[in-house]
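Values in this document were obtained by computation on a predicted structure and should not be read as measured data. So you know, we letter chains A, B, ... as the sequences are listed, proteins then strands, and number each from 1.
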Amino acid sequence: MISNVYLKINGQPIIAKSNETILKAAENHGIFIPRLCFMENIHEEGNCRVCSVKVNGSHQLKPACKTFVEENMDIITDDLEIYETVRMNLQLLSHKHQFECFNCSREDDCEFLELLRRYSVEDTLSHLYGDLGLPQYFSNSSGAISIDSAKCILCGRCVSACEHYTGLNILNYNHRGTETYVGPALFHALEDSGCIYCGKCIQSCPTGALREKDDIKKVEFALRDPSKTLIVQVAPSVRAALGEAFGLPIGTNVEGQMFKALKELGFDEIMDTNFTADLTILEEGTEFISRLKNNGPFPMFTSCSPGWINYLELYEPELIPHVSSCKSPQQMAGALIKTHYADKLGLDPKNIVSVAIMPCVAKKQEAKRPDMGRDGYQDVDIVLTTRELARMIKRRKLDFPNLEPIKPFGLLASYTGAGNIFGATGGVMEAALRTVTEILEDRETPIDFKELRGNQDIKEATYMIQGKPIHVAVVHGGKAIQTFIEEMKTSKKTYHFVEVMGCTGGCINGGGQPIQHATVQEKVDIRSLRASVLYQIDAKESIRKSHLNPFVKALYADFLGHPNSHKSHELLHTHYEKRQAYQDVK
Amino acid sequence: MLERIHVLICGGTGCLSSHAKDIKKQFEIELEVLGLKDEVGLIMTGCFGLCEKGPVVILYPDETFYAHVTPKDVKDICEEHILKGRIVDRLTITNPLNKTQVKNINQLVFYAKQKRIALRNCGAIDPMNIYEYIAKDGYQALGHVLMNMTPQEVVDEVTRSGLRGRGGGGFPTGKKWQFTKNTVSSQKYVICNADEGDPGAFMDRAILEGDPHSVLEAMAICGYAIGSNQGYIYVRAEYPVAVERLEIAINQARELGLLGNNLFESSFSFDIDIRLGAGAFVCGEETALIQSIEGGRGMPRLKPPFPAIKGLWGYPTNVNNVETFANVPVIFLKGATWFKSIGTEKSSGTKVFALGGKIVNTGLVEVPMGTTLREVIFDIGGGIPNKRKFKAVQTGGPSGGCITEKDLDTKIDFENLTALGSMMGSGGMIIMDEDNCMVDVARFYLDFTVDESCGKCTPCREGTKQMLDILNRIVEGYGTMKDIEELEKLAYMVKNTSLCGLGQTAPNPVLSTLKHFKDEYISHVIDKNCKAGVCRELTHFVIEDNCIGCGKCARHCPVNAITGWMKTKHVIDLDACIKCGACKIACPVHAISSQKIEQEVFL
């Protein structure tokens, strides 16, 4: 039974609820308490000790994030003693921290830096106590995620986030005491640890200790190579979140400014991944239709999320025959850029640098897969996350919010509403069904499949197609994937088509998206706000079904022939292999 | 056949590592040769407590106490004492006051003021024979409890006895049992904390190795009281003998139906399993211990919720220390009123202390609460050896502080020691004399704590390391007054904001030595001199005017740095001196000390 509790914070009378902690009660009343390690429902260990407050005058300070309010409590959050304590805590963390703020991925939104400024921390004690030496653990050989213990403040949020969102426990504490570092087990590099690169750890990290492998320099060098032509493609989810890096409210559609920025940065040609999203629907939809005709194998799983593909290859390799052989839209675009489009532009594919802007960290790894290229080149050369693009724009000092919106030109740039909703969980399934139902039923079928939208871990629905019930499911996040596959195996219910996303919420919540402060992550439904941008764009489009995209039709007529043709298979399809984590551990 | 003599060989920690097993073997051989095998009983027992005199052998029924026995002496004991009834004088202890031989254990002053309750069976029985435990009223308490008392009555009896946790916390045991009993749950656990991590502590070890059944019986009683049928003993892996003896004890108890299903034909079932530690001091903290048993990394959790509400695998769990448990069967045999009559008002019963450091009688002592520190150190401990002077006594291990001469008449109990800036802790008591450097003492304990910090919370992980760095700089000669100021500020911050007991008490040795021995810190920092001659960089040995010119120092110096004529004051060449301190120890008139010298400015 939750009742009212009357207490005082800094002399101010407060009414709180009996199930609230001091931190929650204070924040609800606009009273600031510094915090670093607390993340509601994800990491509640109270170990940074920054939120220490004085309760009823006791010098033994209590952690506000885990101490519940009690009747008549007298709490002080800020006096000289507490101020000195917080400062000392921050100074101690500063001593071990490698400050490279000018170059750091979190130069603008580091939670640690914010507190250092607020508490006027002046020195890091380094000049007194000597050099830092080499970082305890540094791993960026995965090419996707970098772990840099020199910036880690050991809050533990990443450990909890990995456990919470994926259930895989890739990260944990190693060693002990001052030698402690967070990383994979047994001194392994991240790529050997079974990580699926969903990037939830990055999203929960308050500093730059966990970050995407920065590839901005590669792009800057390529832009200045006179022999190279740079072609960039942008994912649907980027336009729904890029504005956040420039202070725009969450859920602002910045599509026009985004394309203008890419032009300003110097890319030669601009593509939209939404186009190949439409293409994917044609390929995958046709694949599904043939599965229906041949009665299996069911279910068919989507394949555009590399986080899911990593999970599949590492943990559920028996399901490989079920997964669609289609490449992701990113890779389909890359393949077309380096073959068909190169031809059209009269370029040697070796002189094209194909760049992709993605909300995803795993895509950096996906682009390097051996299957994703031919004749000695990769289809996608460089993948930049939304954050890296934002950094490039900021460093060039472009006034992003006020850029004049443009819409890209080119053969691989026009899209339907269906292609655009790929970024939200349920979007791929909805887009696929729009096309599949129309083709199979041979009449105009509904556009909206609203049951597939929303943030529920597992969504299921049944649709009657050609008089038969077709069972579909939409799953997102490592934990949900685990649950769903277990249930699928035990319940023996036949699912026909399942959409799987490695990230909860889908790509709009990917590991490469702008990182929101922990307090915002707790209070705001970021996923829904970003997803709504995609659905709004979809609703306004005149063409909302992939197979009606005239440029897609033209592509088949000119080049590919028909969906699942030999050429399509050669360029737009791939295969998967079982992989093993911790190979050298017997 | 009835044996006419019993030979009790001490198998405690110290004696065991001094060839106690070989002594026993030698007895077997000699007795075989003399044909006395059937008349003499040979028992290896637990710790007698007077470790300084080990290896100890006691012969019954005359209770002759033989000290410093070697395997070579066994022949004499057998031929002279056992066969002919003549005591071997050279193996008995000499009374330092009147130089007579002390033949009988009852004449030993060491035991005069002790009251062995937790250690009652250590030294009296063979710990690997359950029947000897039973013969000494073992498992009677459990039987009585199961037959005649309700669980609530059991809890009430423990509460009435006033028993408080002996692991360091001093929390009222009855209250803890009550909390766990009150929590409604289908499953509950009893855990015995045998992680004993304090450096120099071996109280729990003596009980586990010398009287394991007392712990098993107590855990069963606890299980009955709180409603649990499963117990775990978490033993540190560094105690293989204790682990072995516990395993034997558990198996013997199971065989006799004293552990397992339906004990004493009641509906109560209780079993115990052993879990090993893996080398982490922090796993002595109850929530870290629980996490370790669960298979996780030994990192403490926030309290509340307390283990009594939510502990092992989320179930209500009662965690008690080995010594706490060892007291429980006796409370039920002799009554809570009897137990409460011993000790002080707020701290009833006794406490086992591990006396170490600069003291004549190192070993284990058990005294009633309320005994003064002076009595323990001088009357029982025999005072400071080598004619040195008492400087401080450190209690509570790395969590405790120093107590000086002026407070020696304090009666030992939980509150009194805490009021002095120290704490009871698990029972470590290290005595220091003028040859101990108090700055080095603080550094030693902090070095330990830094190594053992789990790393979870910032104050302990980073703060103690900074404190250690400051202390290292000070003892190496680079300290400044600002460093001392910084050290104290850090100490308070770590104490007030650390997550668990390890961090909250780690600064205690530093704060305590800063309070009582600030002059030594200042001497290290300003004079660049370590008066005790411990910190090598700050040691400059000088021979003072009371030198009698005997030349002993020069003879002991390994590098021939001392010169002087007979009967005149000798001189140390400081450039050659390696600061080993051999001369200081050798000097019969204490003429050598470390002094401040004029020297060039450090850059």
Side-chain angles (χ1 to χ4, degrees), chain A residues 21 36-38 44-54 58-63 65-68 70 81-82 84-97 112 123-126 128-130 136 152-156 159 169 172-182 185, chain B residues 278-283 287-288 291 296-305 447-470 472-473 478-480 482-483 486 488-506:
Chain A
T21 58
L36 264 183
C37 73
F38 183 74
E44 299 190 5
E45 300 285 315
N47 56 295
C48 72
R49 316 307 285 184
V50 166
C51 68
S52 297
V53 294
K54 206 175 268 185
S58 164
H59 288 284
Q60 196 75 34
L61 305 180
K62 297 248 179 289
C65 63
K66 286 302 277 181
T67 309
F68 285 93
E70 278 169 31
E81 191 181 335
I82 297 171
E84 282 282 4
T85 306
V86 175
R87 288 189 77 240
M88 201 172 284
N89 193 320
L90 293 171
Q91 265 177 321
L92 287 171
L93 288 174
S94 307
H95 176 57
K96 284 262 280 289
H97 191 89
F112 181 46
D123 65 84
T124 67
L125 312 175
S126 300
L128 285 181
Y129 301 122
Q136 269 284 84
C152 177
I153 55 168
L154 286 166
C155 63
V159 176
N169 297 94
N172 213 321
Y173 301 96
N174 293 286
H175 280 330
R176 185 166 81 189
T178 41
E179 314 264 299
T180 311
Y181 70 88
V182 171
Chain B
F281 174 69
V282 71
C283 285
T287 57
Q291 190 127 319
R297 193 179 139 95
M299 293 197 299
R301 299 176 193 159
L302 289 171
K303 294 193 279 198
D447 190 71
F448 176 77
T449 328
V450 165
D451 196 39
E452 296 291 337
S453 168
C454 75
K456 183 167 177 177
C457 76
T458 308
C460 175
R461 181 185 72 239
E462 309 290 347
T464 55
K465 177 74 167 62
Q466 293 306 336
M467 286 168 68
L468 179 64
D469 281 352
I470 293 177
N472 278 332
R473 284 155 47 85
Y478 299 105
T480 62
K482 182 127 201 305
D483 282 332
E486 188 82 30
E488 197 162 358
K489 282 213 291 225
L490 275 168
Y492 279 114
M493 185 258 178
V494 172
K495 191 178 164 72
N496 289 333
T497 57
S498 285
L499 191 148
C500 83
L502 193 155
Q504 286 160 6
T505 57

Novice: Is the closest basic N to carboxylate O distance between K465(B) and D469(B) below 4.0 Å?
Specialist: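 Result for this pair is yes, salt bridge flagged.
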Novice: Between C37(A), C48(A), C155(A), which residue shows the highest count of heavy-atom pairs closer than 4.5 Å to chain B?
Specialist: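 Of the candidates given, the most pairs with chain B belong to C48(A).
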Novice: Students often mix this up, so state it plainly: with edges at 30° and 60°, are the rings of F281(B) and F448(B) parallel, tilted or perpendicular?
Specialist: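 Ring orientation of F281(B) relative to F448(B): perpendicular.
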Novice: Between H95(A) and E462(B), does a side chain to side chain contact (heavy atoms under 4.5 Å, CB included) hold up when you go through it step by step?
Specialist: CA-CA 9 Å; H95(A) 176 57; E462(B) 309 290 347; 5.6 Å; no
Novice: So for T85(A), is it side chain, backbone, both, or neither that comes closer than 4.5 Å to the heavy atoms of chain B?
Specialist: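 Both parts, backbone and side chain.
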Novice: Given a strict heavy-atom distance threshold of 4.5 Å, which part of E84(A) is in contact with chain B: side chain, backbone, both, or neither?
Specialist: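 Answer is neither: E84(A) stays 4.5 Å or more from chain B.
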Novice: Just how far is it from atom CG of L502(B) to atom OG of S453(B), taken to the nearest 0.5 Å?
Specialist: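 Interatomic distance, L502(B) CG to S453(B) OG, rounded to 0.5 Å: 6.5 Å.
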Novice: In terms of heavy-atom proximity below 4.5 Å to chain A, should R461(B) be classed as side chain, backbone, both, or neither?
Specialist: both
Novice: Identify which part of L36(A) has an atom lying under 4.5 Å from any heavy atom of chain B, answering side chain, backbone, both or neither.
Specialist: neither
Novice: For the candidates C460(B), P300(B), G298(B), C457(B), which exhibits the highest count of non-hydrogen atom pairs separated by less than 4.5 Å from chain A?
Specialist: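 Ranked by contacts with chain A, first place is C457(B).
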Novice: Is chain A contacted by the side chain of S498(B), its backbone, both, or neither, given a heavy-atom distance below 4.5 Å?
Specialist: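 Only the backbone of S498(B) comes within 4.5 Å of chain A.
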Novice: Looking only at heavy atoms, what is the nearest atom pair of E45(A) and L499(B), with distance?
Specialist: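 The pair with the smallest heavy-atom distance is O-CD1, 3.8 Å.
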Novice: Could you have a look at R176(A), E81(A), M88(A) and say which one has the most heavy-atom pairs with chain B under 4.5 angstrom?
Specialist: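 Of the options given, most contacts go to R176(A).
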Novice: Which heavy atom of V282(B) sits nearest a heavy atom of E452(B), and at what distance?
Specialist: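 Closest pair (atom of V282(B), atom of E452(B), distance): CB-O, 3.9 Å.
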